[in-house]
Amino acid sequence: MKTSQLLIPTLRDDPGEAETVSHRLMLRAGLIRKVAAGIYTYLPLGLRIIRKIEQIIREEMTRAGAQELLMPIASPAELWKETGRWDYYGKELLRFKDRHERDFCLGPTHEEVITDLFRREVRSYRQLPLNFYQIQTKFRDEIRPRFGLMRGREFIMKDAYSFDLDEAGAKVSYQNMYDAYTRIFTRCGLTFRAVEADTGLIGGDVSHEFMVLADTGEALVAYSDQGSYAANLERAEVLPPTEADTTALLPLTPIATPQRRTVEEVTAFLQITPRQLVKTLLYRAGTESVAVLIRGDHEVNEVKLARLLKVTDVALADPETVQRLTGCPPGFAGPIGLQQVRILADWAVRGVTNVVIGANKADTHYQNANLDRDFTVEEFADLRNAQAGDPSPRGPGVLTLARGIEVGQVFLLGTKYSQKMNATILDEHGKERLAIMGCYGIGVGRTAAAAIEQHHDDKGIIWPFPIAPFHLHLLTVSQSEKTTSTATRLYSELAAAGFDVLWDDRPDRAGVKFNDADLIGIPFQIVVGDKGLADGIVEMKIRRGGTKLRVAPGDLVAHIRTLCSETDPPVA
RNA sequence: CGGGGCGUAGCGCAGCCCGGUAGCGCGCCUGCUUUGGGAGCAGGAUGUCGGAGGUUCAAAUCCUCUCGCCCCGACCA
């Protein structure tokens, strides 16, 4: 295609609204434009990238035996009420009424719709396993959309749903998708890691997230430096401490700590380290309040806490509640004499002696508090975030933390949806059984954004070849008849050889074209101009690394073929 | 929802404190020259100053309300 016929509104300046690299470059390279917060138009170049990623997804989903269908964006409330998610999903679910005052929502995910289809249309185990997928626009009314396509409200998602007769089959389907995702992200040229994940609102038992490693990622990943263990920090397990602290117990002593509330303030005031202090945090979990004891140098993992308490959500108690339960303002709560709530503790609290704790009295702490002697704990559990240096919970090594962008997630759902919606099939004995389900998502736009986060330099984007909007960027830097005719010939030769070619045929100066080309980031630039043609060559520039080559026009196709096969990632 | 910031030409911004005919750079249009890393000269077009109300002889500027957007946090496939 020719630049003169495409809308590619590149920007010289960084738009003020964008902070992250991918958001900025997507706007500057003319890939997207914002319509409202978290809602974007894909311009021609941006759409081509989306389509390339979709194509890779389709090929791999087909290879994995999944079949494509397309569900509606709007779905009726009744289906959501069947599973309870009409109430449970909260404000993220965008609801509206039709002209008959019937409740509808825009689909944030499609378990209900696909399960409804399945129960109506599939009767026999002979038809299983089944895996349906679609690539479709989703809507989630996110609290805070941000970073362009990274966290939009409206976004393109590939979602797949598997149905099996039994657990064993479901696990095969799950692994099958896991493998397909690995191929997809590899083909997209991404450095990623599959990590164990929490299941959140979707539910189910087993889940992995595919994380593209990047400093701008919103998620934290803990992984073993030597073994294969890797998990989202929300999920990463921490083993109980193995060594007992045998320090001699000292007498419990109250101590005035005026206005010292935080771990930093108290430890600085008493000249102790954070691990010599045990925090007492009051949480609201459903209708209950609980106290959580945790070492001063640790952080409570609220996902773990919620899972232990079997609630969907926990939050720190507000100051009034703290005052009511402990008799003092926040900052001085402690386990001694705490009557009205259950006291839970992280494993690590068992391994420390002579610690500082709050005294449930304003401006007062205790020193040398000791478990069992001075206070008791109802239950110990893994309640903290893993930290760098913690031993890997499974396999060798210690944990390292890194940031990641979640581009995909796979879930083994079990019967969570099939049970609520009564999606049954007949087994070989003619008996009804609940289908075992899995679901699998990929954020298409987010994958594009993640690719930019991983592949760019100070001049612009450097697209991995397989998802580049075009393979080759033909730049004519002279307006002469000779240059134009050579370019015209090359343009059709390269297209005939199977390459997607963008020809910058604008009458602009060379510098403008070079800068735009670097910004847009097509992997190979081919520069045709009078200067080179006088020597009988055209110039090739490899965007990644900037290597320049001089090639005779007649050798160009063969040359690019060789280069492509050497490029990392290779042509699919 | 809490905290912070911003809405002035297509983009980036100044002007606002201290009220007095709306500016700069880039881009855009016309012409000429130029043409291998964001050209030069000359001429030109483009604004409900986010919106509503108020104060005032006079509001981009002061006051009130409101809408939108960005960032941090809470939240989240």
Side-chain angles (χ1 to χ4, degrees), chain A residues 7 9-20 23-24 27-28 30 33-39 85 89-93 107-111 138-148 150-153 155 157-161 181 197-204 207-211 218-219 232 234 302-303 306 312-316 318 405-411 413 439-444 446 459-460 475-480 483 504 506-519 525 527-535 537-539 541 546 548 550:
Chain A
L7 181 66
T10 55
L11 303 174
R12 288 195 182 199
D13 301 313
D14 281 330
E17 69 183 54
E19 303 260 323
T20 50
H23 188 194
R24 225 167 51 218
L27 289 167
R28 278 195 60 204
R33 284 295 183 264
K34 185 177 70 186
V35 176
I39 299 177
R85 287 208 292 186
Y89 217 107
K91 287 189 173 173
E92 238 182 279
L93 187 65
T109 176
H110 278 67
E111 285 79 9
K138 296 279 185 279
F139 199 98
R140 296 184 186 177
D141 202 358
E142 295 277 354
I143 293 171
R144 182 150 88 85
R146 58 185 133 177
F147 308 150
M150 200 70 87
R151 180 170 293 280
R153 291 194 290 172
F155 59 101
M157 177 178 180
K158 188 286 304 179
D159 46 323
Y161 306 88
Y181 275 35
D198 188 58
T199 51
L201 277 178
I202 300 290
S207 179
H208 286 86
E209 288 167 329
F210 287 76
M211 293 284 192
E218 293 182 82
N232 190 313
E234 292 177 346
E302 295 183 358
V303 173
T312 58
D313 193 24
V314 297
L316 277 170
D318 54 59
I405 300 163
E406 181 204 334
V407 289
Q409 186 164 12
V410 292
F411 298 82
L413 293 172
C439 73
Y440 317 93
I442 290 178
V444 178
R446 190 184 282 184
K459 291 178 185 301
L475 311 172
T476 41
V477 294
S478 314
Q479 303 305 313
S480 69
T483 291
D504 190 344
R506 296 174 300 174
D508 292 83
R509 298 171 70 86
V512 172
K513 297 189 175 194
F514 291 144
N515 282 306
D516 270 355
D518 287 345
L519 175 61
Q525 296 169 16
V527 181
V528 183
D530 291 348
K531 228 162 95 178
L533 291 179
D535 297 341
I537 60 105
V538 297
E539 196 174 278
K541 177 175 149 185
K548 289 179 183 170
R550 292 159 67 84

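The model shown is predicted, which means the values in this text are computed figures rather than measured ones. Order of the sequence lines fixes the chain letters, A, B, ..., with proteins taken first and strands second; residue numbering starts at 1 for each chain.
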Pairing partner (Watson-Crick or G-U wobble, both distances under 3.5 angstrom) of [N]:
N     : value
B:C57 : B:G20
B:U30 : B:A42
B:A74 : none
B:G68 : B:C6

Calculate the interatomic distance between [X] atom [atom1] and [N] atom [atom2]; express it in whole Å.
X      : N     : atom1 : atom2 : result
A:L27  : B:G12 : CG    : C1'   : 13 Å
A:M211 : B:C76 : CE    : C1'   : 12 Å
A:E302 : B:A74 : CD    : P     : 8 Å
A:E17  : B:C72 : CD    : P     : 14 Å
A:H23  : B:C71 : NE2   : C1'   : 12 Å
A:E142 : B:C72 : CD    : P     : 14 Å
A:L316 : B:G73 : CG    : C1'   : 13 Å
A:Y89  : B:C76 : OH    : C1'   : 9 Å

[atom1] spacing across the pair [N] / [M], given as an integer number of angstrom:
N     : M     : atom1 : result
B:C18 : B:U61 : P     : 14 Å
B:G47 : B:A22 : C1'   : 8 Å
B:U34 : B:C16 : C1'   : 43 Å
B:C28 : B:U21 : C1'   : 26 Å
B:C72 : B:G23 : C1'   : 34 Å
B:U48 : B:G12 : P     : 16 Å
B:U46 : B:G38 : C1'   : 23 Å
B:G19 : B:C65 : P     : 22 Å

Donor-acceptor check, side chain of [X] to backbone of [Y], threshold 3.5 angstrom: yes or no?
X      : Y      : value
A:Y181 : A:G441 : yes
A:R446 : A:M150 : yes
A:K158 : A:G408 : no
A:R33  : A:P9   : yes
A:S207 : A:V410 : yes

Checklist entry - How do A:S207 and A:A36 order along RNA chain B: which one's closest nucleotide is nearer the 5' end? => result A:A36

Item to check | side-chain contact (heavy atoms from CB on, under 4.5 Å) evaluation trace for A:L27 with A:E17 | outcome: CA-CA 10 Å; A:L27 289 167; A:E17 69 183 54; 3.8 Å; yes

Select base, sugar-phosphate, or nothing to describe what [X] touches, counting heavy atoms under 4.0 Å on all strands.
X      : result
A:F147 : sugar-phosphate
A:K138 : nothing
A:E234 : nothing

Checklist entry - So A:T483 and A:L533, side-chain contact (heavy atoms from CB on, under 4.5 Å) or not? Walk me through it. => result CA-CA 7 Å; A:T483 291; A:L533 291 179; 3.8 Å; yes

Item to check | Rounded distance [0.5 Å steps], CG in A:L475 versus CG in A:D504 | outcome: 5.5 Å

Item to check | Side-chain donor/acceptor contact of A:R144 with base of B:C71 under 3.5 Å | outcome: no

Could you list the protein-to-nucleotides 35-40 of chain B atom pairs, N/O on both sides, closer than 3.5 Å?
| unit_1 | atom_1 | unit_2 | atom_2 | d |
| --- | --- | --- | --- | --- |
| B:G36 | O2' | A:K531 | NZ | 3.0 |
| B:G36 | O6 | A:G529 | N | 3.4 |
| B:G36 | O6 | A:G529 | O | 3.3 |
| B:G36 | O6 | A:G532 | N | 2.9 |
| B:G36 | N2 | A:E539 | OE1 | 2.9 |
| B:G36 | N2 | A:E539 | OE2 | 2.9 |
| B:G37 | N1 | A:D518 | OD2 | 3.4 |
| B:G37 | N2 | A:N515 | OD1 | 3.3 |
| B:G37 | N2 | A:D518 | OD2 | 2.7 |
| B:G38 | O4' | A:N515 | ND2 | 3.4 |
| B:G38 | O2' | A:R12 | NH1 | 3.0 |
| B:G38 | N2 | A:D516 | OD1 | 3.4 |
| B:A39 | OP2 | A:R509 | NE | 3.1 |
| B:A39 | O4' | A:R509 | NE | 3.4 |
| B:A39 | N9 | A:R509 | NH1 | 3.3 |

Item to check | Partner of A:E142 by salt bridge (Lys or Arg N to Asp or Glu O under 4.0 Å), out of A:R151, A:R153, A:K91 | outcome: A:R151

Item to check | side-chain contact (heavy atoms from CB on, under 4.5 Å) between A:F514 and A:V527, intermediate numbers included | outcome: CA-CA 9 Å; A:F514 291 144; A:V527 181; 3.7 Å; yes

Report, one pair per line, the protein and nucleotides 42-50 of chain B atoms (nitrogen or oxygen only) whose separation is under 3.5 Å.
none

Next on the checklist: Give me the atom names and distance for the closest heavy-atom approach of A:G529 to A:S478.
Outcome noted: CA-OG, 3.5 Å

